[in-house]
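Remarks on the structure that follows.
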Amino acid sequence: MSIVFGAIINGELAIGSDSKSSEENLLYPAEEKLTWHKIHKIGPALVGHVGNSMYHTVLENLAQNHSDIFDFSDRVSIHQSINRMQKLLAGEYGLMAQGDDFAGSGLNLLIGVNSKLYSVDGERGVEEYCRFWAVGSGTKFGLGAAEALYKEARTAKELVEQVIRIACKYDLHSLAPVDVRVLD
């Protein structure tokens, strides 16, 4: 499932991810796959995803053809954007909705915008974080590493890279190389 991790330090926001992509017992090495990156620029935001690799293509398509559905102003605006996205996913993209109580998208996202960090879970719940957060199977390793390293990190980019490398070392479902992006 991988890891996407983001951090804010002194106003700098960075988001990064590992590169693991697999299907059952087949691994798609990053050096063989041109589209291994999990971070997308959508309007003013950096959006990282974990889960099914189909979401990579879907997010690229949404960013190119439906960027007007996104409003990253605040937590509620993001939730409304995800609801608009859900309609497209269920209609135009053929998503089979799953979830406990709500028709979920299955998307697990980390969004960085305007020095703010948000997560979106598979049932479209949106949370906001003040220092750092992670999504994916490497979350526990990433959060532990971030807590230990945060006070000493000079930049968000430095912290994000260190945390993802640590998660890749210990999480069976995360793998280097690492991709880190700093929000302009």
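With hydrogens and angles disregarded, a donor-acceptor distance shorter than 3.5 Å links the side chain of S115 to the backbone of G11. The main-chain N or O of R124 is found under 3.5 Å from a side-chain atom of D121 such that the two form a donor-acceptor pair. Of the possible polar contacts, one joining the E12 side chain to the A156 backbone as a donor-acceptor pair under 3.5 Å is found. In this structure, the side chain of N114 does not engage the main chain of K116 through any donor-acceptor pair within 3.5 Å. No donor-acceptor pair closer than 3.5 Å links the side chain of S77 to the backbone N or O of S73. A donor-acceptor contact shorter than 3.5 Å links the side chain of S19 to the backbone of L175. Checking side-chain atoms of K38 against main-chain N and O of K20 turns up a donor-acceptor pair under 3.5 Å.
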Let me see the working for L88 and I69 under side-chain contact (heavy atoms from CB on, under 4.5 Å), right down to the final yes or no.
CA-CA 10 Å; L88 283 169; I69 69 169; 3.9 Å; yes

side-chain contact (heavy atoms from CB on, under 4.5 Å) assessment of F72 paired with S81
CA-CA 8 Å; F72 298 107; S81 297; 5.7 Å; no

Would you please test I9 and T155 for side-chain contact (heavy atoms from CB on, under 4.5 Å) and show each step?
CA-CA 6 Å; I9 296 178; T155 67; 5.9 Å; no

Test E60 against K41 for salt bridge (Lys or Arg N to Asp or Glu O under 4.0 Å), laying out the working first.
CA-CA 9 Å; E60 273 186 333; K41 179 82 165 135; over 6 Å; no

Could you walk me through whether E161 and K157 pass salt bridge (Lys or Arg N to Asp or Glu O under 4.0 Å), step by step?
CA-CA 6 Å; E161 186 168 343; K157 182 179 181 181; over 6 Å; no

Does the side-chain contact (heavy atoms from CB on, under 4.5 Å) test come out yes or no for R75 and Q80, once each step is laid out?
CA-CA 9 Å; R75 194 175 68 79; Q80 292 167 339; over 6 Å; no

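In this structure, V180 and A14 approach most closely via the heavy-atom pair CG1-CB, 4.3 Å. Considering all non-hydrogen atoms of both residues, P177 and A30 come closest at CD-CB, 3.6 Å. Residue A153 comes nearest to E158 through the heavy atom pair CA-OE2, 3.4 Å, listed as atom of the first residue, atom of the second, then distance. Nearest heavy-atom pair across G6 and L117 is O-CD2, 3.3 Å. For the residue pair A7 and L159, the shortest heavy atom distance occurs at CB-CD2, 3.7 Å. Between G16 and I164, the closest heavy-atom pair is C-CD1, 3.0 Å.
Annotation: K33, atom NZ; neighbour count of heavy atoms from other residues, nucleotides and ligands within 6.0 Å is above 12. Within 6.0 Å of atom CG in D68, more than 12 heavy atoms from other residues, nucleotides or ligands are found, so the atom counts as buried in its surroundings. For E152, the CD atom counts as loosely surrounded, since its 6.0 Å shell holds 12 or fewer non-hydrogen atoms of other residues, nucleotides or ligands. Within 6.0 Å of atom CG in L34, 12 or fewer heavy atoms from other residues, nucleotides or ligands are found, so the atom counts as exposed in its surroundings.
Remark: aromatic rings of H56 and H37 are distant, center separation not under 6.0 Å.
The distance from atom CD1 of I111 to atom CG of L183, rounded to the nearest 0.5 Å, is 12.0 Å. Atom-to-atom distance recorded for L27:CG and E32:CD is 10.5 Å, nearest 0.5 angstrom. In this structure, CG on D179 lies 11.0 Å from CD1 on I15, to the nearest 0.5 angstrom. To the nearest 0.5 Å, the span separating CD on Q86 from CG on L107 amounts to 8.0 Å. Remark: L143 CG to W133 CH2 distance equals 5.0 Å, nearest 0.5 Å. Considering CD1 of I3 and OG of S137, their distance stands at 7.5 Å, rounded to 0.5 Å.
Side chains of F5 and T139 form no contact here, defined as non-hydrogen atoms less than 4.5 Å apart. Between L89 and V58 the shortest side-chain heavy-atom distance falls below 4.5 Å. A heavy-atom distance below 4.5 Å is found between the side chains of I78 and V120. With a 4.5 Å cut-off on side-chain heavy atoms, L109 and I82 count as touching.
Follow the hydrophobic side-chain contacts under 4.5 Å out from F141 and you reach Y129 in the same cluster. Hydrophobic cluster membership differs between V50 and W36, with clusters built from Ile, Leu, Val, Met, Phe, Trp and Tyr side chains linked at under 4.5 angstrom. Under the 4.5 Å side-chain heavy-atom criterion for ILVMFWY residues, no single connected hydrophobic cluster contains both M54 and Y28. Clustering ILVMFWY residues whenever any of their side-chain heavy atoms sit less than 4.5 angstrom apart, transitively, puts L149 in the very cluster that holds V4.
Of the options D18, D171, N108, a side-chain hydrogen bond (donor to acceptor under 3.5 Å, both in side chains) to S2 is made by D18 and by none of the others.
Classified by interplanar angle (parallel below 30°, tilted 30° to 60°, perpendicular above 60°), the ring pair Y150/F132 is tilted.
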